[in-house]
Amino acid sequence: MKTDLESLYIALFTLLILFSCNNNQEGEDSDKNIAEVSESIDNKVADLLDRMTLEEKIGQMNQYNGFWDVTGPTPEAGDAAKKYEHLKKGYVGSMLNVTGVDEVRAVQKIAVEETRLGIPLIIGFDVIHGYKTISPIPLAEAASWDLEAIKKSAEVAAKEAAAAGINWTFAPMVDISRDARWGRVMEGAGEDPFLGSKIGVARVKGFQGEDLSLPSTIAACAKHWAGYGFAESGRDYNTVDIGTSTLNNIVFPPFKACSEVGVKTFMNSFNELNGIPATGNAYLQRNILKDKWKFDGFVVSDWGSINEMIAHGYARDKKQAAELAAKAGSDMDMESYAYVDELANLVREGTVSESLIDDAVTRILKVKFELGLFDEPYRYCDKEREETIIGSEEIQETVLDMAKKSIVLLKNENNILPLKKQGLRIALIGALASDKTSPLGSWRLAADDSTAVSVMEGMLQYKENNLEYAKGADVALGETSFPFEVKINTTDKSEFKRAIGIAKNADVVVMVLGEHGFQSGEGRSRTSLDLPGVQQALLEAVYKVNKNIVLVLNNGRPLAITWADKHIPAIVEAWQLGTQSGNAIAQVLYGDYNPSGKLPMTFPRDVGQVPIYYNYKNTGRPVIPAPNQVFWSHYIDESNTPLYPFGHGLSYTSFSYSNLRTETLSQNEIKVSVDVKNVGPVEGKEVVQLYIGDLVASITRPVKELKGFEMVALDANESKTVTFVLTNKELGFYNNEGVFVTEPGAFKVFVGGSSDTVLESGFELK
Ligand code: BGC
């Protein structure tokens, strides 16, 4: 006989089982739903493909740039007329740089209502850091190390772009780069593959959301596949020549991570790799991406990169370029006209198999179905959404939050920052301080000039101080808009005098110096990393009359500011922070926001040290053998160390690290814990960073590699224990056969607030 209590237990237990079965049931159902949806998409794609002519299939592989004012008169001659004709015949699968609901609707209408099969276009655009409302440049966002904020920033960018008719962004750029001369470092997440992977994933998730078929989400694109960030001498589009280990362990990981979370597209790159242009590189696009990683989205070429294989000396003409690109797995041709002009003949004469075309078209159509374009081709063309979403308060708040989080406090001697809010006479100096365009940075094609909040506007909101402004010197002269080369002011110092005058009488001088917004970005490589033009001279001239200077940097890449570091008491790295730039900077200068950013890229002492990065190898001669000896790996005129290391960034409070301990949980599972305490006067956030060093391995390993980080928020005097668990994923590496291995042996572990101020311990893998 059961007691009442026993019966109650049994009843409860049964309920529990039933509940958990139900739950499983739901889980299985939703898995089934996803499987059913994708199966039904596969069927729809197959059915459509069956009904397509060869030319229509190839049309899907053809992408054109916006070609005429689509809401205006129809083009009658030339390139635009050809594109228009192609569009009407269904020979265009995608367009880029067509923006705004009216324009997108106009081209979509032709594709959907005038072509034989009515296949909708996928509309691409470079939504790199915002559409109209601009977020910090991607490198700046990376300095936040705040994955949630970065994801949110991509999410609102997608929302705004989608409201303007766009459904595909050519972002994120996940190229790792160690070369600050390369202008496109502004567009990525810096030098580290671990951080770069996390950020790439956050951005993909932000753009694509949970459900790609919503009209607020857009397809993302991991670019540029691959190796583009390693252009020799930092010169854009230059030859890339890197070894297998760098390719596998540094270049590939962020791409792989994006592929694993379902990024819908990849873009190939302009560079060659081992003598084969990436666009014609079957190893990259077929062997690694589509076969090994099972990527089921599509690959778009970079702009004209199919044709560029001719200049590379890899294809003899456009026809061969089309053949090589199609065979290598480039699914869509961006603006080379190679596929649309040549592929049909290549198939008919048997040079290119139609099954390759079918594969490419299947991939492209699938993404279009997933976006919901077949159900509702005008779903991104809602005038009301365009009017209410673009520039909305939610988006402004998000980009402001992102901007504050992106700021890195590089130096703050004698706590000159934060500034007092009352009774200060402040001299604000620098053309960039009143600039409302440059802070938008590069790659902000849809944003209007003069729409950023300037530093001056931000600071003027703190009304109880006295602020005087002097430009000091222009950064650039003449035409600076896209796509023009920026002409830097290297001669005009006529305004120095006034700047020096206001500095003399000030309690504190805030100088906003750095690069023009279009000095970085595509095609904008530099051989110098100094403050451009006469700005260094301006800084030194002002310093002569007032040493109490806060230097606010605006730049799209690491700069070599060694003189400033030696003389200027406070330096704030404010990058190009986008629409809300001035508000974010003012809040940090006045302490209404306590900075927590950390550098995602090493700052060199001198451009001659570049490429310089924290995860370097030891070499056979890492240290000086005896005093004054020369035969070791060094420079005779500069130290090996950076000016500011990767991961560096201060706060208005400070943090102490103690009690670093490791524990082996199981084979290849190591727990690492550390106590972090806020030992300063105010609350603050710290990015706790964990690095490991694999001491002896079958291929040489970097001296240290980032393998974990966590942001902790601590009140004054508060402490927390931060715990990381290292697994195979963090402990292993790719050997030169491309196999991921974890090898037994001794490891070092380092934890701290930057890559060089660290507590050290170790563990052994059995
Ligand atoms: C760039 C790509 C970009 C494309 C379309 C190319 O020049 O390399 O990153 O997405 O243009 O604008």
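Remember, it's 1-based here, ligands and their atoms both numbered in the order they're listed.
A donor-acceptor pair is defined here as one N or O able to donate and one able to accept, closer than 3.5 Å; such a pair exists between the side chain of R105 and the backbone of C381.
Checked against the 6.0 Å centroid threshold, W168 and F298 count as a close aromatic pair.
Contacts between R184 and ligand 1, counted as non-hydrogen atom pairs separated by less than 4.0 Å, involve the side chain only. Of all the heavy atoms of L96, the ones lying under 4.0 Å from any atom of ligand 1 belong exclusively to the side chain.
With ligand atoms numbered from 1 in the order given, ligand 1 contributes 10 (O) to contacts under 4.0 Å with heavy atoms of F170. Within the listing of ligand 1, atoms 6 (C), 7 (O), 8 (O) sit less than 4.0 angstrom from a heavy atom of F270.
Nearest non-hydrogen protein atom to atom 2 (C) of ligand 1 is D302 OD1, 3.2 Å. In terms of protein heavy atoms, atom 12 (O) of ligand 1 is closest to D126 OD2, 2.5 Å.
For ligand 1, the polar-atom distance check finds an N/O of H224 within less than 3.5 Å of one of the ligand's N/O atoms. Looking at ligand 1, you won't find any N or O of W443 less than 3.5 Å from one of its N or O atoms. The shortest N or O to N or O distance between E187 and ligand 1 is not under 3.5 Å. Between K223 and ligand 1, at least one pair of N/O atoms sits closer than 3.5 Å.
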Return all side-chain donor-acceptor pairs below 3.5 angstrom for residues 363-372, not counting sequence neighbours, or 'none' if the list is empty.
{"residue": "R363", "atom": "NE", "partner": "D359", "partner atom": "OD1", "Å": "3.4"}
{"residue": "R363", "atom": "NE", "partner": "D359", "partner atom": "OD2", "Å": "3.1"}
{"residue": "R363", "atom": "NH1", "partner": "F295", "partner atom": "O", "Å": "2.9"}
{"residue": "R363", "atom": "NH1", "partner": "G297", "partner atom": "O", "Å": "2.7"}
{"residue": "K366", "atom": "NZ", "partner": "D296", "partner atom": "OD2", "Å": "2.9"}
{"residue": "K368", "atom": "NZ", "partner": "Q60", "partner atom": "OE1", "Å": "2.6"}
{"residue": "K368", "atom": "NZ", "partner": "G93", "partner atom": "O", "Å": "2.7"}
{"residue": "K368", "atom": "NZ", "partner": "P120", "partner atom": "O", "Å": "2.7"}
{"residue": "E370", "atom": "OE1", "partner": "K264", "partner atom": "NZ", "Å": "3.1"}

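For K327 and E323, the salt-bridge test passes: some basic side-chain N is under 4.0 Å from an acidic carboxylate O. Salt-bridge annotation for D449 and R444: present, with a side-chain N of the basic residue lying under 4.0 Å from a carboxylate O of the acidic one.
Cation-pi geometry between R184 and Y228 is not satisfied (NZ or CZ under 6.0 Å from the ring centre, within 45° of the ring normal).
The shortest separation from a heavy atom of M173 to ligand 1 is not under 4.0 Å, leaving the residue out of contact.
There is a side-chain donor-acceptor pair under 3.5 Å between S135 and S153.
Checked against S305 for a side chain to side chain donor-acceptor pair (under 3.5 Å), the options D333, N271, T279 give a single hit: T279.
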